[in-house]
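Read through the structure below, which is laid out as structure tokens, and then see the notes.
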Amino acid sequence: MTREAIDLVAALSTARRAAHLYPETHPSYAEAIAAFERAVSACVVQGPCTLTVYAGRLYHENAALPWDLPAVRSLTETLESHSVESVTFHPQVAQRELVALLHALSTKPAAGFDLAEELERAGVAGITVGVIADEEREAADERDRRKEQDRALYERLLALMRSLSEQVARRGAPDLDQAGILVEGVLARLMEDSAAVLGLTTIASASEPSLFHAINTMAYSLVMGAELGIPEEGLATLGVSALLHDIGKVAFDLDDPQQMQQAQLLHPTVGAEILSRLQDADRTPMLVAYEHHMGVDGSGYPDREPGYVSHPYSRLVAVADRYDHLVAPRPHGFGLQRDQAVLQVLRESEAGLDPMFARLLAKAFGVFPVGCVVRLSDHSVGVVVAPGPSPLTPRIQVLFEPDGTEAERGRIMEVAGSGLDIVEVIDPKDLALDVFERL
């Protein structure tokens, strides 16, 4: 059958050339199509006829077709350019389907073009195409799928915080069971990819800043806790505590300047009172709500007796809380870039913040935390997607090439070993970037 396969390839090549040169009404076109149809019929007498591309050669069954034949070389290169590894002709193939194949093979390969999908859209059933797995495309599809899952997780957390706020506003007690379930979902993601959890904090919104702050503080706290080696059960408690650290603010109208000022000073006490309503519940969230504004040097609030030592989780959450306020856009925060916020947290560890947890944040996040948009020494621009082997050499996704053109989506680069340095951190707003969408 190899002879018939060679004749098929030759007839296909002639038909492709005729399709380029002649209109469908021209006798030479009709003759080439008819010859192609006869060659296919001869090849499928005993069943389907499959041509396979492997390692740059064209095969029929287990026999490589002669490379010295121009038609064989041409078809091999065409199939490879379309990421096709096999074409199977079935006995019932119709002439119109052969013509559809010719047109599809004549289409210039481009991003997103799929020969198999093109034939399916043309209603071709007598020819099947095996497509070479595009690992980069599959990886990109997987990243997009996980990103949608991460965004959905964040939306569920927002819905939870709205629900808890409504419960407290009705002078009820928050439902910690639901909070615990969602925190466990974040923990599961943290175990898979801590960078993805940090990536959640780049989701931005001009509305509901207090809800976003609660979720981000939880995410930062969990990443720090995991870096510290806290076991999973302890992380679950830490996550719920961080999520509810500002629950006392729900009792105030934060749009009223006077109440906002009261909320700032009183929300730790009010939050602890709210969480004290929970019967037989872990008291850690109540302590964190009460203590997270107590400085380790005796500063802060509420007032306490000399020598009072706050819970370690309260001191950790205080660092996460401060970091999020530093990176939050104005008017609700300071709007610092993430690298600047790490340095500021370290500076403040000389006063109210716990020095150990401030250093822990710097270690867990790196000099250039996830979400930083950076310019490299070759003038390319990228966004930090994960820590690297050293604090100064994170992993980045390239956004713009050195000449300013947009980079291919999903191109990841290790700064370590690249011979490049990070020379500048850029405000994403200057490039109109949605950082979460580019992680």
Side-chain angles (χ1 to χ4, degrees), residues 143-144 147-148 150-151 153-155 157-158 195-220 223 254-255 320-348 361-362 364-388 391-413 415 420-439:
R143 283 196 303 271
D144 290 343
K147 190 182 299 295
E148 287 306 309
D150 289 343
R151 185 183 288 280
L153 175 59
Y154 203 97
E155 290 293 337
L157 288 164
L158 282 172
V197 173
L198 288 175
L200 289 174
T201 67
T202 65
I203 296 175
S205 173
S207 62
E208 303 179 302
S210 60
L211 303 189
F212 278 76
H213 171 66
I215 295 169
N216 292 348
T217 300
M218 176 202 63
Y220 296 136
V223 171
L254 301 183
D255 293 326
D321 170 83
R322 180 57 177 161
Y323 178 81
D324 189 61
H325 277 305
L326 288 169
V327 299
R330 290 182 174 89
H332 306 293
F334 289 80
L336 296 183
Q337 298 305 312
R338 291 169 185 264
D339 62 317
Q340 297 172 337
V342 171
L343 292 175
Q344 184 61 29
V345 165
L346 290 172
R347 292 189 191 104
E348 294 182 14
L361 179 140
F365 294 6
V367 174
F368 303 104
V370 170
C372 271
V373 179
V374 298
R375 190 187 308 279
L376 303 180
S377 51
D378 68 346
H379 302 294
S380 60
V381 173
V383 59
V384 176
V385 295
L392 293 172
T393 57
R395 178 181 298 172
I396 70 168
Q397 180 172 177
V398 180
L399 303 177
F400 299 99
E401 302 291 355
D403 62 1
T405 58
E406 190 166 353
E408 182 180 354
R409 192 71 177 249
R411 184 160 79 83
I412 304 297
M413 186 186 80
V415 175
L420 302 175
D421 298 312
I422 292 175
V423 297
E424 181 186 9
V425 175
I426 303 171
D427 189 336
K429 293 194 295 293
D430 293 342
L431 300 175
L433 283 176
D434 182 336
V435 172
F436 179 74
E437 288 302 324
R438 301 308 296 266
L439 289 177

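We use all heavy atoms of the structure for the numbers below, so side chains are in, but hydrogens, waters and symmetry mates are not.
- Scanning for side-chain contact (heavy atoms from CB on, under 4.5 Å) contacts around D421 gives S377, with sequence neighbours left out.
- The structure places NZ of K147 at 9.5 Å from CG of L200, a figure rounded to the nearest 0.5 Å.
- Taking CZ of R143 as the start and CD1 of I412 as the end, the distance is 5.5 Å to the nearest 0.5 Å.
- By the 4.0 Å N-to-carboxylate-O rule, R411 lies close enough to E401 to be salt-bridged with it.
- Under the salt bridge (charged side-chain N to carboxylate O under 4.0 Å, His left out) criterion, D403 pairs with no residue at all, not counting sequence neighbours.
- For S380, the side chain to side chain donor-acceptor pair (under 3.5 Å) partners at least two apart in sequence or on another chain are D378.
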request  = Under the side-chain contact (heavy atoms from CB on, under 4.5 Å) rule, what do L158 and I215 come out as? Steps first, then yes or no, please.
outcome  = CA-CA 8 Å; L158 282 172; I215 295 169; 3.6 Å; yes
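- Residues V374 and I426 come closest through the heavy atom pair C-CD1, 4.5 Å.
- Not counting sequence neighbours, D430 has no partner by the side chain to side chain donor-acceptor pair (under 3.5 Å) test.
- Here E406 pairs with F400, R438 under the side-chain contact (heavy atoms from CB on, under 4.5 Å) rule; sequence neighbours left out.
- Interatomic distance, T201 OG1 to M218 CE, rounded to the nearest 0.5 Å: 10.5 Å.
- Residues meeting the side-chain contact (heavy atoms from CB on, under 4.5 Å) test with P329, sequence neighbours left out: none.
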query = Which is it for L343 and V345 under the side-chain contact (heavy atoms from CB on, under 4.5 Å) test, yes or no, and what are the steps along the way?
reply = CA-CA 5 Å; L343 292 175; V345 165; over 6 Å; no
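- Using modelled atom types, one finds no donor on one side chain facing an acceptor on the other under 3.5 Å when comparing Q340 with Q344.
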ask   = Hey, mind stepping through H213 and D321 against side-chain contact (heavy atoms from CB on, under 4.5 Å) and telling me if it holds?
value = CA-CA 8 Å; H213 171 66; D321 170 83; 2.7 Å; yes
task = Applying side-chain contact (heavy atoms from CB on, under 4.5 Å), run through L431 and V381 and close with a yes or a no.
result = CA-CA 10 Å; L431 300 175; V381 173; 4.1 Å; yes
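- A pairwise comparison of heavy atoms in A320 and T217 identifies CB-O, 3.8 Å as the closest pair.
- Pairing each heavy atom of V342 with each of P369, the nearest pair is CG2-CG, 3.8 Å.
- When all heavy atoms of V415 and L392 are compared, the closest pair comes out as CG1-O, 4.4 Å.
- Listed by chain and residue number, E424 satisfy the salt bridge (charged side-chain N to carboxylate O under 4.0 Å, His left out) test with R375 (two or more places apart in sequence, or in another chain).
- With sequence neighbours left out, D324 forms a salt bridge (charged side-chain N to carboxylate O under 4.0 Å, His left out) with no residue at all.
- Applying the side chain to side chain donor-acceptor pair (under 3.5 Å) rule to R395 yields the partners E414; only residues at least two apart in sequence or on another chain are considered.
- Using cut-offs of 30° and 60° for the angle between ring planes, the F365 and Y220 rings count as tilted.
- By the 4.5 Å heavy-atom criterion applied to side chains, V435 and V373 are counted as neighbours.
- The CG atom of N216 sits 10.0 Å away from atom CG of L198, with the distance rounded to the nearest 0.5 Å.
- A centroid separation of 6.0 Å or more is found between the aromatic rings of F436 and Y154.
- With sequence neighbours excluded, no residue satisfies side-chain contact (heavy atoms from CB on, under 4.5 Å) with A328.
- When all heavy atoms of T202 and V370 are compared, the pair lying nearest together is CG2-O, 4.5 Å.
- For G382 against I396, the heavy-atom pair with the smallest separation is CA-CD1, 4.2 Å.
- Residue Q337 holds its CD atom at 12.0 Å from CG of L326, rounded to the nearest 0.5 Å.
- With sequence neighbours excluded, the residues satisfying side chain to side chain donor-acceptor pair (under 3.5 Å) with E437 are R151.
- Here the CG-CD1 distance, from L157 to I203, works out to 9.5 Å after rounding to the nearest 0.5 Å.
- Residue pairs meeting the salt bridge (Lys or Arg N to Asp or Glu O under 4.0 Å) criterion with at least one partner in residues 331-340, sequence neighbours excluded, do not occur; the list is empty.
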